[in-house]
Amino acid sequence: MLRTHRDCTTAKTLYEDFLLHSLPDLDDYVESIAMSWRKHWPCHGRLDELRGRLGGALMTFLEDDVRTPGKRPVFKTPSVRGIDRIEHYLPQADVVIVLRQGPATIESGMRSFGWDFESACRRWARAVNTVLAAAERRKEKGLRPFTLVRYEDLAGDSATVLEHVALQVGLDRSGFDRGRLKAFPVYGSSQQENVNWQPATKEADFNPLDRAAHWPAHAIRRFDHLSHGLSARLGYDLPSDRSGARFSAARQRLHDARGRLPWRLRRLLRYRL
């Protein structure tokens, strides 16, 4: 949606660039070079400079792919891996992170990509922890903060949310066309019968906020257990029934023990909604 701002442009060929996702691999490359240098060589003090120059090359690569040179480029990646290293490689970048309620994210992934329920719960929790830890480190170092946006807020009032984002990243908040935002198409929705990445008009029944509305209480409790209660830290209230809390705790321990079983038994006992 940021690309609809009059001062922004997008990539011609890099639809999801994954450059942040691979920054840990680039960091391993830098460290492997340093291991080959003699310990007393003064070049060890230039590792951050090397990271910065490599990051500059990445930025040049991105900027060479923009549709409209001279405008603010907007790039995206569906992963938060590597976000804790962005200050070393792309310190000039403004980072906007879209967070979505865990059950809705997982339900969409199960519908579209066949995600395993328990693995997806853990991945969601790891991603949230990565974001929160990186954001806290930036705050401690006095660096420019990440801009965190809740998907639900964006879906409910995209114009207001984007105007706030514009202020955070130094864009003119009046640069959005509200009519264009209202008609913004859907991409890759799990509500589609055959998921694809072609723009589609929003149908009257399109509602991305109720993806996991059908989840039973035991699934919500299992998700909350596997994600260590992180939903509350993001301001999400999960529907839950506390009447069976003691039984639920025993059930969680039973399912946790499943991970220590042989893989054939783990497959047989796979958690199902």
Side-chain angles (χ1 to χ4, degrees), residues 1-99 123 126-149 154 162 165-172 175-176 187-188 197 199:
M1 287 183 167
L2 275 174
R3 72 184 186 186
T4 65
H5 192 281
R6 62 171 176 250
D7 296 328
C8 291
T9 185
T10 54
K12 290 184 293 187
T13 64
L14 286 167
Y15 308 120
E16 291 180 340
D17 58 77
F18 280 93
L19 294 187
L20 285 184
H21 178 83
S22 296
L23 285 184
D25 304 316
L26 190 56
D27 219 29
D28 290 342
Y29 167 73
V30 171
E31 293 297 332
S32 69
I33 291 174
M35 289 177 63
S36 301
W37 297 342
R38 297 291 181 88
K39 291 184 178 180
H40 64 277
W41 289 359
C43 51
H44 283 280
R46 299 181 61 197
L47 289 180
D48 281 342
E49 179 187 347
L50 175 57
R51 292 185 179 96
R53 289 182 179 272
L54 290 171
L58 293 177
M59 184 59 71
T60 298
F61 176 74
L62 290 173
E63 290 174 344
D64 285 346
D65 193 55
V66 298
R67 294 181 181 276
T68 309
K71 289 193 173 187
R72 189 90 169 266
V74 178
F75 299 97
K76 62 179 180 178
T77 185
S79 169
V80 297
R81 181 177 184 261
I83 205 166
D84 56 333
R85 291 168 170 83
I86 194 170
E87 65 197 66
H88 301 295
Y89 292 94
L90 300 168
Q92 71 276 48
D94 288 297
V95 181
V96 180
I97 302 173
V98 180
L99 304 166
R123 282 199 306 274
R126 284 196 298 270
V128 170
N129 275 323
T130 295
V131 170
L132 295 178
E136 184 60 29
R137 279 194 297 272
R138 289 180 74 86
K139 181 179 178 181
E140 291 172 356
K141 294 180 179 180
L143 298 173
R144 188 167 45 199
F146 295 148
T147 299
L148 304 182
V149 176
L154 192 60
L162 287 171
V165 171
L167 288 175
Q168 297 296 108
V169 302
L171 289 168
D172 181 357
F176 293 103
Y187 292 85
W197 305 108

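Nearest heavy atom pair, residue P78 against residue E16, reads CG-OE1, 3.6 Å. The two residues L90 and L20 have their closest heavy-atom pair at CD1-CD2, 4.2 Å. Closest of all the heavy-atom pairs between P91 and R144 is O-NH2, 3.3 Å. Taking all atoms of both residues into account, the shortest heavy-atom contact from R67 to A11 is NE-O, 3.2 Å. Closest heavy-atom contact between C8 and L2: CB-O, 3.6 Å.
Counting heavy atoms from C-beta on, the side chains of L99 and V149 never come closer than 4.5 Å. Considering only heavy atoms from C-beta on, V74 stays 4.5 Å or farther from T9 through its side chain. Counting only heavy atoms from C-beta outward, the side chains of F146 and D94 never approach each other to under 4.5 Å.
One finds the CG atom of D7 at 7.0 Å from the NZ atom of K71 (value rounded to the nearest 0.5 Å). Taking CG of L50 as the start and NE2 of H88 as the end, the distance is 12.5 Å to the nearest 0.5 Å. To the nearest 0.5 Å, the span separating CZ on F75 from CZ on R3 amounts to 13.0 Å. Taking CG from L23 and CG from D28, the interatomic distance works out to 11.0 Å, rounded to the nearest 0.5 Å. A distance of 11.5 Å separates CG in L162 from CG in L167, rounded to the nearest 0.5 Å. Here the CD1-CZ distance, from I83 to R138, works out to 8.5 Å after rounding to the nearest 0.5 Å.
Around CZ of R46, the count of heavy atoms belonging to other residues, nucleotides or ligands within 6.0 Å does not exceed 12.
Contacts of P24 classified as side-chain contact (heavy atoms from CB on, under 4.5 Å), with partners at least two apart in sequence or in another chain: R81, R85.
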Please determine whether side-chain contact (heavy atoms from CB on, under 4.5 Å) holds for the pair D172 and R6, giving the CA-CA distance in whole Å, both sets of side-chain angles, and the decisive distance to 0.1 Å.
CA-CA 9 Å; D172 181 357; R6 62 171 176 250; 2.5 Å; yes
Query raised in the report: Hey, mind stepping through K141 and E87 against side-chain contact (heavy atoms from CB on, under 4.5 Å) and telling me if it holds?
Result: CA-CA 10 Å; K141 294 180 179 180; E87 65 197 66; 2.7 Å; yes
Could you go step by step and tell me if V95 and T147 meet the side-chain contact (heavy atoms from CB on, under 4.5 Å) rule?
CA-CA 6 Å; V95 181; T147 299; over 6 Å; no
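Classification of D17 and K76 as a salt-bridged pair fails, no side-chain N sitting under 4.0 Å from a carboxylate O. The existence of a salt bridge linking R51 and E31 is confirmed by a sub-4.0 Å separation between a basic side-chain nitrogen and an acidic carboxylate oxygen.
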Just distance, no hydrogens or angles: give the donor-acceptor pairs under 3.5 Å from side chains in residues 33-44, sequence neighbours left out.
from	atom 1	to	atom 2	distance (Å)
S36	OG	S32	O	3.3
H44	NE2	R38	O	3.0

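Residue pairs meeting the salt bridge (Lys or Arg N to Asp or Glu O under 4.0 Å) criterion with at least one member in residues 57-66: none, sequence neighbours excluded.
Without hydrogens or angle criteria, H5 side chain to R72 main chain gives no donor-acceptor distance under 3.5 Å. R53 places no side-chain N or O within 3.5 Å of a backbone atom of Y89 that could act as its donor or acceptor partner.
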